[in-house]
Amino acid sequence: MTIQGLTVALSKGRIMDSTLKILRDAGIPVPEDIDSTRKLILSTPNGEIDFILAKPVDVPTYVEYGVADLGIVGKDVLVEADRDLYELLDLGIGTCKMSVAGLPNTAPHASMPRIASKYPRIATEYFRGRGQQVEVIFLNGSVELAPLIGLAERIVDVVETGRTLQENGLVVQEDIMEISTRLVANRSSFRLKSTVIDEFVSLVRGVVEQKEAAQ
Ligand SMILES: Nc1ncnc2c1ncn2[C@@H]1O[C@H](COP(=O)(O)OP(=O)(O)OP(=O)(O)O)[C@@H](O)[C@H]1O
Ligand SMILES: O=P(O)(O)OC[C@H]1O[C@H](OP(=O)(O)OP(=O)(O)O)[C@H](O)[C@@H]1O
């Protein structure tokens with residue numbers, strides 16, 4: 001069986017190289033110039049797969065609307081987007097944590113503490129779940145700035161090595177969830193293209209399991 005007739009949305013940026021390595025190791029046809037091109041839609045020479053190169057935050061949108069059958073994207077983005085998708089596989093790459101961080105030795109003092117985050121839904125749900133009233137302030141990046149300049153008491157952000165927190169004098173206060181890269185599917189595609197999607201998943205799963213066994 002060969003893979004045919006799929007559109008796959010890939011996240012540009014940090015997880016792109018490890019995603020492409022997994023796909024290539026799995027024997028999934030990938031255009032040669034995908035790492036270097038400025039094109040946003042690429043097809044394999046025999047037209048097996050169309051790849052859409054998207055901003056990570058937009059991948060769940062493409063997949064939910066069915067313009068992509070499959071998507072590869074971080075769990076952080078998926079939880080924040082809260083789209084109606086099937087999550088098929090954990091690729092075990094792009095691993096990090098979603099954490100609450102702030103300046104050390106500071107007890108929350110405001111009755112309505114401010115929390116800065118690029119992930120307002122995750123932050124809001126987390127504090128709601130703990131029965132804590134907070135005001136969540138959306139920032140697009142460099143979130144660690146917020147406690148340093150007095151915009152917010154704490155942040156909710158991704159922590160990988162911890163270097164950004166450390167170099168800015170911040171510490172993790174609570175961990176919210178583990179993050180890794182996931183393969184997701186459009187609900188209709190999953191039914192209508194089940195054979196080819198099953199094949200895609202089983203090829204990728206083989207590589208992921210092999211990597212896990214070698215660790
Ligand atoms: N140190 C890290 N910082 C941010 N994301 C990380 C990190 N380590 C792994 N990841 C994972 O990589 C994914 C993509 O990260 P990347 O920085 O490319 O996206 P992004 O923050 O949406 O980029 P941008 O907004 O700059 O386009 C994240 O959604 C997350 O799942
Ligand atoms: O624990 P670390 O290894 O230091 O990684 C975590 C940092 O990396 C990400 O920022 P990114 O580089 O994507 O920039 P951004 O803050 O502009 O989103 C994230 O938002 C943290 O700031």
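Ligands are counted one by one from 1 in listed order, and the atoms in each one are counted from 1 as well.
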Quiz item: Considering only heavy atoms, which of Met16, Arg14, Arg182 lies nearest to atom 15 (O) of ligand 1?
Solution: Arg14

Quiz item: Do the non-hydrogen side-chain atoms of Thr61 and Lys55 ever get within less than 4.5 Å of each other?
Solution: no

Quiz prompt | Side chains of Tyr119 and Asp76, donor plus acceptor under 3.5 Å | solution = yes

Quiz prompt | Test of proximity, Thr95 against ligand 1: N or O pairs below 3.5 Å | solution = no

Quiz prompt | No-hydrogen, no-angle side-chain donor-acceptor test under 3.5 Å, Arg187 and Ser189 | solution = no

Quiz item: Under a 4.5 Å cut-off applied to non-hydrogen side-chain atoms, are Val204 and Leu89 in contact?
Solution: yes

Practice problem: Write out the protein residues near ligand 2, meaning a non-hydrogen atom under 4.0 Å from one of its atoms, in order of chain and number. | Solution: Arg14, Lys118, Gly141, Ser142, Glu144, Asp157, Val158, Val159, Glu160, Thr161, Gly162, Arg163, Thr164

Exercise. Select one of side chain, backbone, both or neither to describe which atoms of Ile179 lie under 4.0 Å from any atom of ligand 1, heavy atoms only.
Key: side chain

Quiz item: For Arg24 and Asp35, what are the C-alpha separation, side-chain angles and deciding distance, and is it a salt bridge (charged side-chain N to carboxylate O under 4.0 Å, His left out)?
Solution: CA-CA 12 Å; Arg24 286 178 169 136; Asp35 326 63; 3.2 Å; yes

Quiz item: Which residue supplies the protein heavy atom nearest to atom 19 (O) of ligand 1, what is that atom called, and how far is it?
Solution: Pro56 CG, 3.6 Å

Quiz item: Is a salt bridge present between Glu160 and Lys97, judged by a nitrogen-to-oxygen distance below 4.0 Å?
Solution: no

Practice problem: Compare all side-chain heavy atoms of Arg121 with those of Val79 and state whether any distance is below 4.5 angstrom. | Solution: no

Quiz prompt | Protein heavy-atom partner closest to atom 11 (C) of ligand 1 - residue, atom, separation in Å | solution = Gly94 O, 3.9 Å

Exercise. Just need the protein heavy atom nearest to atom 26 (O) of ligand 1, so name the residue and atom and give the distance.
Key: Lys55 NZ, 4.5 Å

Quiz item: Given side chains that start at C-beta, do those of Ile52 and Leu40 come closer than 4.5 Å, heavy atoms only?
Solution: no

Self-check item: ligand 1 N/O within reach of Lys75 N/O, cut-off under 3.5 Å
Solution: no

Quiz item: Is there a heavy atom in Val77 that sits closer than 4.0 Å to ligand 1?
Solution: yes

Quiz item: Can you find an N/O atom of Tyr119 closer than 3.5 Å to an N/O atom of ligand 1?
Solution: no

Practice problem: Kindly give the heavy-atom pair with the smallest separation between Ile137 and Leu151, and that separation in Å. | Solution: CD1-O, 3.8 Å

Quiz prompt | Proximity winner for atom 23 (O) of ligand 1, if only heavy atoms of Lys118, Met98, Lys97, Lys12 are counted | solution = Lys118

Exercise. May I ask you to test the Glu144-Leu165 pair for a side-chain heavy-atom distance under 4.5 Å?
Key: yes

Self-check item: Side chains of Gln132 and Tyr126, donor plus acceptor under 3.5 Å
Solution: no

Quiz item: In the protein, which heavy atom is nearest to atom 31 (O) of ligand 1, and how far is it?
Solution: Asp76 OD1, 2.7 Å

Quiz prompt | Residue, atom name and distance, where the atom is the protein heavy atom closest to atom 8 (N) of ligand 1 | solution = Glu160 OE1, 3.3 Å

Quiz item: Below 4.5 Å, heavy atoms only, C-beta onward: do Glu199 and Thr195 meet side chain to side chain?
Solution: no

Quiz prompt | For atom 12 (O) of ligand 1, closest protein heavy-atom neighbour | solution = Ile15 CG2, 3.4 Å

